[in-house]
Amino acid sequence: MCLSILLNTKNVGYDFKNIENKWQAHWAKNQTFNVDNHSTKPKFYVLDMFPYPSGAGLHVGHPLGYIASDIYSRYKRHKGFNVLHPQGYDSFGLPAEQYAIQTGQHPAKTTQENINRYREQLDQMGFSFDWSREVRTSEPDFYKWTQWIFLLLFDHYYCNTSNKAQPITQLIERFQEEGNKNIEAVCDVATPHFTSEEWKEFSANEQQELLLNYRLAYLSDTEVNWCADLGTVLANDEIINGVSERGGYPVTKKKMKQWSMRIGAYAERLLQGLEQIDWSESLKEMQRNWIGKSIGAKVFFQIEGHNKKIEVFTTRPDTIFGVTFMTLAPELDLVQEITRPDQKAAVEAYIKETQKRTQRERMADVKSCTGVFTGSYVLHPFTQERIPIWIGDYVLADYGTGAVMAVPCGDQRDYDFAKHFDIPIKNIFNNVSIEEEAFTDKGTAIIDHSEFLSGLSYKEAMKRSISELEAQGSGEGTINYRLRDAIFSRQRYWGEPIPVYYKDNLPQPLELKNLPLTLPEVEKYLPTPEGAPPLGNAETWAWDTQKEQVVDNTLIDNKIIFPLELNTMPGWAGSSWYFYRYMDAQNSDSFVGKEAVEYWKEVDLYLGGSEHATGHLLYSRFWQKFLYDLGLLPVEEYAKKLINQGMILGTSAFVYRKPGTQTYLSKDIISDSEKLEPIRVDVNLVNSADELDIEGVRKWQPQFKNADFKINNGVYRVGREVEKMSKSKYNVVNPDEICEQYGADTLRMYEMFLGPIEQAKPWNTAGISGVHNFLKKYWRLFYDDELLIVTDDQPNKKELKILHETIKKITFDIEHFSFNTCVSGLMICVNELTALNCHSKAILSPLTLLLSPFAPHLASEIWKNLGNESTIDHVDFPLVNEAYLVEDIKNYPVSFNGKMRFTLELSLDLDNLAIQEAVLKDTRTTEYLEGMTPKKWIIVPNKIINIVF
RNA sequence: GCCUCGGUGGCGGAACUGGUAGACGCGCUGGAUUCAAAAUCCAGUUCUUUCGGGAGUGUGGGUUCGAUUCCCACCCGAGGUACCA
């Protein structure tokens, strides 16, 4: 017994613990991966999406992308590049705030603790980060510049003539000269026209209000999900079935004055920019769809007996004669104005109902058809027919104008609505039946019963209807984007303060020299009893315009001292530009120094999850384009290439409780008819055969202390389910334990071996021993126990072939981010060399370099023991010598007449590239080829052979 | 609902532009070594079979001499859906 314990604890041969401690200390001491902004080497910037430091610590899903980017960074260093590979923390966020609400601890404190834990875990895995450039979005030194960018956005408008952002001062000058009638600028729809004289007569406040309609950061009334009981605004994410996830309180829509970003101004450029970047086609497609460009027309419908017109956007102006009703989004202000007294009650009730539904529910629900008639009519622009106005929640207020002209014969949604409410349907298509469903095929449509449009195709009718609408002033051709302006206010504590104070209810920006405007201390992190954001709890949160500093609220006189903004910025603010800060993290004069940004320019490889496709990855492109317009950044797209890593899923474990009892049935003795409550248990209490550690569970949670576990054949078997890895699901697997048991190199290789980097996959430690065994086997190529057994023997051709095949494969696979097949390739190589009993230094030395990006600790140790003076980290990667590969290639893929392919076994006369003998290997095709005699053979070594008949 | 991605042995996955499906690893089976265990090594392992073969890459069709790969329809799973990060 004693003996076996002794033997088990002694690590024979590959002692990963010592090796890893040694090299991590070496890297830290020598700052091996700190990178210089002045280098003669070509630059390469590898960026990870920085983590949010959560209280659960880093789990095995986090490092997946970091390992991949680290492999690539190390590879690039071996290829002679000056590699910038930084890391930092996206340290503002909701969870820290919620923890603060529960415990009263300052979020800065818990964030710092979490960061310390993350750092420890990251260091343990041997990443080659340049930590001297670390950034944290919640540090005043960093958010000073986030606030500065906000001020820049506030100070600019989007000029459609120069097609870029321009200073607001320029706009003011033009207003003074000519008013706003001829100005091509992106602004709010409702902005009235004024002349130069009128502008000059406006009061200063009136002018400021008008300018807000043009600023890229602006204030406007926006709808939010309001939960009165929690006293806070909720994300759609936090709402389940119309009630809050926490507590189950009702949620309603509420209008609030909020900061927004005019991202819509950049819609077209965000779309066009996708063409220049090497991102996956699927991700670009997601962004395209999110931006949602559609070409169509605005049409104005005169409201009967009213001086107003309703503006609609339609992609099908060709079907304008098929309009039989109009639908408005229930939340439009206009609805109140036009509702007739006899419909008032029904409309009000309907609006109330809609307020309970989230937008997502409304979009997801296509089956039920709901709506109410307002009692009012609009007039058709061409026929002057009366068209009833309805409201319906399938129309969304923030897409287009929130109003649609309904053409039931040409749109299925309108068709269903018309059928349901018995509204007439007009068929305006030639020779098409609309008895069963709407006719939506644009390709074959011929318009009929439509005056001047009759007989025209879709394309012709589109053109003609737009020109007719324009001629009579009741519409115009236009382009609409689905992309909405981004709401920028958050009623939270733990975010960047918006550097603005209010004078006469108008926002006044601070200046750069006043930044950072640091977060005030508060007693409570909840909203105030009056419903103001948490910053409303601060006692020192007023701006003294003379002293230019934050002072006590009691001093507010609205002459010199004014109240500061209470909202904070959203999570995406800091993450929209952090990658530039890494280039020059210590710079206190600028967000990034000119020299640094000229050198690094842009990110060459960006790695992160695809869940950010339409959030972070769009917002950051928007800010990039804006800062580029101002001449602050050298490129319009910041990330040349992007790889999305798939999420690692956890395998949760369940025990099954009989309702109302403390009896739990083993999974294998449950009959189908039994209704049981599945309860999650910690996956760490279950072994690989799904057997539960019953005693462990009893200790784990009090509810199981006296539970009755019904076992089968002596074991309790749990149920399994794959879902998102999360602390609350008790399925988190921590990398620390694996590092402890197998070492970081094994963890790194195993995570890569698990599958393609871009694919989502469940975490399963079952195969980890295979990778660990590989590293042990690798070690044994070099050492007999502790003694180096590498020889100076000349390698034979077979060994050289194995090595060069592997070099070729690894190089190709790293460059294509196929790290799982890299690991396989290395395994095959080591197996073959072991079988040949190869210990030749000429083979093993380059092989060490191949291993280095994947298992850097082990590679470093071996490299040093091979007698190399320099450490392995910046040594040249081995090059493939094709000569070793060509030699005995026998199997060539063959194509006939450039079309068919199969395999041919050839004996080649390599000197003349002539075929000596050819044997068809693929017998299934011989039948087809019978009687055909080749006229010409075209041979390209290592490529395809073409045979022309 | 909509957008994007995925579905291959008991498991993770491989298969380059359509050409011997299941590389590599796990697990399992048998063997060697060992007093025994660990570790290591060797052999086998898609299913089925009357041992001739037959079936097989989510389902149903299509294109092709030939389909995991291309096209159409469907089913299931994951991510996103605008205040989680």
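Throughout, a chain's letter reflects where its sequence line sits, starting with A, and its residues are numbered from 1.
- Ion pairing between a basic and an acidic side chain is recognised when a charged N comes within 4.0 Å of a carboxylate O; A/Glu285 and A/Arg288 show such pairing.
- Candidate nucleotides B/G79, B/A14, B/C83 were compared by shortest atom distance to the side chain of A/Thr821, and B/A14 ranks first.
- Summarising the base pairing, B/G44 is matched to B/C28 through a Watson-Crick or G-U wobble pair whose two defining distances lie under 3.5 Å.
- Residue contacts shown for A/Val224 include a base, since a base heavy atom lies under 4.0 Å away.
- Checking B/G1 for Watson-Crick or G-U wobble geometry (two distances, each under 3.5 Å) identifies B/U81 as its partner.
- Projected onto RNA chain B by closest heavy-atom contact, A/Glu285 and A/Asn831 fall at different nucleotides, the more 5' of which corresponds to A/Glu285.
- Between the CZ atom of A/Phe774 and the P atom of B/C24 there is a distance of 14 Å, given to the nearest Å.
- Not one side-chain nitrogen or oxygen of A/Asn289 sits closer than 4.0 Å to the OP1 or OP2 atom of B/C2.
- Taking only side-chain nitrogens and oxygens, A/Arg360 comes nearer than 4.0 Å to OP1 or OP2 of B/A82.
- Judged by atom type and distance alone, A/Arg492 reaches the base of B/C83 through a side-chain donor-acceptor pair under 3.5 Å.
- Applying the 4.0 Å criterion to OP1 and OP2 of B/U4, one finds that A/Asn644 has every side-chain N and O outside that range.
- When the ring pair (Phe, Tyr, Trp, His ring centres under 6.0 Å) test is applied to A/Tyr143, the partners found at least two apart in sequence or on another chain are A/Phe92.
- Both A/Leu283 and A/Arg780 lie near RNA chain B, and the one whose nearest nucleotide falls closer to the 5' end is A/Leu283.
- Checked against side-chain hydrogen bond (donor to acceptor under 3.5 Å, both in side chains), A/Gln87 has no partners two or more places apart in sequence or in another chain.
- Residue pairs satisfying the salt bridge (charged side-chain N to carboxylate O under 4.0 Å, His left out) criterion with at least one member in residues 811-822 of chain A, sequence neighbours excluded, are listed as follows: A/Lys809-A/Asp813.
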Please enumerate all protein N or O atoms sitting under 3.5 Å from an N or O of nucleotides 6-13 of chain B, with distances to 0.1 Å.
from: B/G12; atom 1: O2'; to: A/Leu754; atom 2: O; distance (Å): 2.5
from: B/G13; atom 1: OP1; to: A/Gln759; atom 2: NE2; distance (Å): 3.1

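- Using a 4.0 Å heavy-atom criterion, one finds that A/Arg482 contacts the bases of the nucleic acid, with or without backbone contacts as well.
- For A/Asp398, the side-chain hydrogen bond (donor to acceptor under 3.5 Å, both in side chains) test picks out A/Gln359, A/Arg484, with sequence neighbours left out.
- Counting non-hydrogen atoms under 4.0 angstrom, A/Asp365 reaches nothing in the nucleic acid.
- Here the CG atom belonging to A/Leu618 is positioned 9.5 Å from the OG atom belonging to A/Ser576, to the nearest 0.5 angstrom.
- For A/Tyr750, the side-chain hydrogen bond (donor to acceptor under 3.5 Å, both in side chains) test picks out no residue, with sequence neighbours left out.
- Across the P atoms, B/G13 and B/C3 are found 26 Å apart, a figure rounded to whole Å.
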